[in-house]
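Have a look at the structure below before the remarks.
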Amino acid sequence: AEADIPPHKIALNHNSSDSLRRRDCHAIMAEVSVSPEKVVDVEAIAPRTVDLLCEIGVLDSAADVAWTGHVDVQYAYPVYTHERPGLLAEIKDWLRSRNIHTVGRFGDWEYVNSDRCVHKGLELGRSLRDSREQ
C-alpha cells in the first residue's frame with residue numbers, strides 16, 4: 001500500500017450488471033484498512049479518495065460526486081492465526097452436529113471473493129441434495 005493512496009480496493013459496482021450500468025448515477029466503493037500500525041485520518045479518507053479517482057481518470061471532476069459516506073466495519077476481514085485451523089474445525093464440527101452448514105467469507109472465516117463464495121454455496125447445495133437422495 002502507498003501512503004498517499006488511502007484505498008486498497010475500489011469497486012465500480014455499476015460494472016456488475018447491465019441494469020446498474022444503465023443508471024444515471026453510479027456507486028463507487030473504496031475500502032481503506034486502518035490499524036494501530038496504519039493510522040488514517042478518517043475525515044480525510046473521502047475527499048482524498050475522490051481526488052485520487054479524479055487523478056487516475058475514474059472521475060472527471062469532484063463536482064460529479066453526489067454523496068460520500070463512511071462506514072466503519074470493525075471486523076471486515078478474517079485474521080489468520082496459528083490456532084485458526086483447529087478452532088475452525090471445532091466450530092464447524094459443532095455447527096454440523098446441529099445441521100448448520102456455513103460457507104463464504106464469514107461462514108468459513110476465510111478471505112475469499114464473492115465468486116468463490118457462490119461456487120462454495122453451489123457445492124454445498126449439491127452435496128446436501130445428493131446426501132438426501134441416497
Side-chain angles (χ1 to χ4, degrees):
E2 299 287 332
D4 61 332
I5 301 175
H8 64 268
K9 177 180 181 180
I10 297 172
L12 307 172
N13 296 326
H14 60 280
N15 286 335
S16 62
S17 77
D18 289 337
S19 172
L20 291 174
R21 211 171 355 271
R22 286 191 293 267
R23 293 185 178 187
D24 294 332
C25 188
H26 303 288
I28 299 174
M29 185 274 308
E31 288 186 18
V32 179
S33 294
V34 298
S35 72
E37 293 81 28
K38 184 185 175 195
V39 179
V40 174
D41 178 359
V42 175
E43 297 300 318
I45 290 172
R48 178 60 196 118
T49 300
V50 169
D51 289 345
L52 172 71
L53 294 172
C54 292
E55 290 168 20
I56 64 175
V58 173
L59 296 174
D60 292 328
S61 163
D64 293 336
V65 177
W67 178 83
T68 61
H70 169 256
V71 176
D72 186 356
V73 182
Q74 189 173 1
Y75 301 109
Y77 289 91
V79 177
Y80 290 86
T81 64
H82 293 290
E83 297 82 13
R84 180 185 172 279
L87 292 171
L88 184 55
E90 186 177 333
I91 291 167
K92 292 193 82 157
D93 286 346
W94 185 88
L95 290 169
R96 272 193 298 275
S97 74
R98 288 152 178 81
N99 204 28
I100 299 170
H101 305 274
T102 63
V103 295
R105 180 175 289 187
F106 298 103
D108 282 333
W109 292 271
E110 179 177 63
Y111 181 75
V112 292
N113 292 327
S114 57
D115 55 339
R116 181 70 180 129
C117 292
V118 170
H119 180 75
K120 289 178 92 170
L122 289 170
E123 285 178 339
L124 174 61
R126 289 181 186 119
S127 173
L128 293 172
R129 179 199 62 205
D130 294 348
S131 69
R132 289 189 179 133
E133 289 178 356
Q134 295 176 0

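One-based numbering along the sequence shown. Computed from heavy atoms alone, side chains included, the values below leave out hydrogens, waters and symmetry copies.
Proximity of a side-chain donor or acceptor of Tyr80 to a complementary backbone N or O of Tyr111 within less than 3.5 Å is detected. Between the side chain of Lys92 and the main chain of Thr102, a donor-acceptor pair closer than 3.5 Å is present.
For the pair His8 and Ser33, the tightest heavy-atom approach, listed with the atom from each and the gap, is CE1-OG, 3.0 Å. When all heavy atoms of Cys54 and Ala62 are compared, the closest pair comes out as SG-N, 3.4 Å. Contact detail for Val112 and Gly104: the closest heavy-atom pair is CG2-C, 4.1 Å.
One hydrophobic cluster holds both Val65 and Leu52 under the rule that ILVMFWY side chains link at heavy-atom gaps under 4.5 Å. Linking ILVMFWY residues whenever their side-chain heavy atoms come closer than 4.5 Å, directly or via other members, places Ile5 and Ile56 in the same cluster. A continuous path of hydrophobic side-chain contacts links Leu59 to Leu12 [ILVMFWY only; heavy atoms under 4.5 Å].
Here Glu123 pairs with nothing under the salt bridge (Lys or Arg N to Asp or Glu O under 4.0 Å) rule; sequence neighbours left out.
Residues Arg84 and Glu110 are in side-chain contact: their nearest non-hydrogen atoms beyond the backbone lie under 4.5 Å apart. In this structure, the side chains of His26 and Leu20 stay at 4.5 Å or more apart for every pair of heavy atoms. At least one side-chain heavy atom of Ile10 sits under 4.5 Å from a side-chain heavy atom of Leu53. Counting only heavy atoms from C-beta outward, the side chains of His101 and Arg96 approach each other to under 4.5 Å.
Between Thr68 atom OG1 and Ile28 atom CD1 the span is 12.0 Å, to the nearest 0.5 Å. In this structure, OG in Ser127 is found 13.0 Å from NZ in Lys120, a value given to the nearest 0.5 Å. Separation of atoms NZ (Lys9) and CE (Met29) is listed at 5.0 Å; rounding is to 0.5 Å.
When hydrophobic side chains of Ile, Leu, Val, Met, Phe, Trp and Tyr are connected at separations under 4.5 Å, Trp109 ends up clustered with Leu88, Ile91, Trp94, Leu95, Ile100.
A 6.0 Å sphere centred on CZ of Arg23 holds no more than 12 heavy atoms belonging to other residues, nucleotides or ligands.
Within the structure, every pair that satisfies the side-chain hydrogen bond (donor to acceptor under 3.5 Å, both in side chains) test and touches residues 46-65, not counting sequence neighbours, is listed here: Arg48-Glu55.
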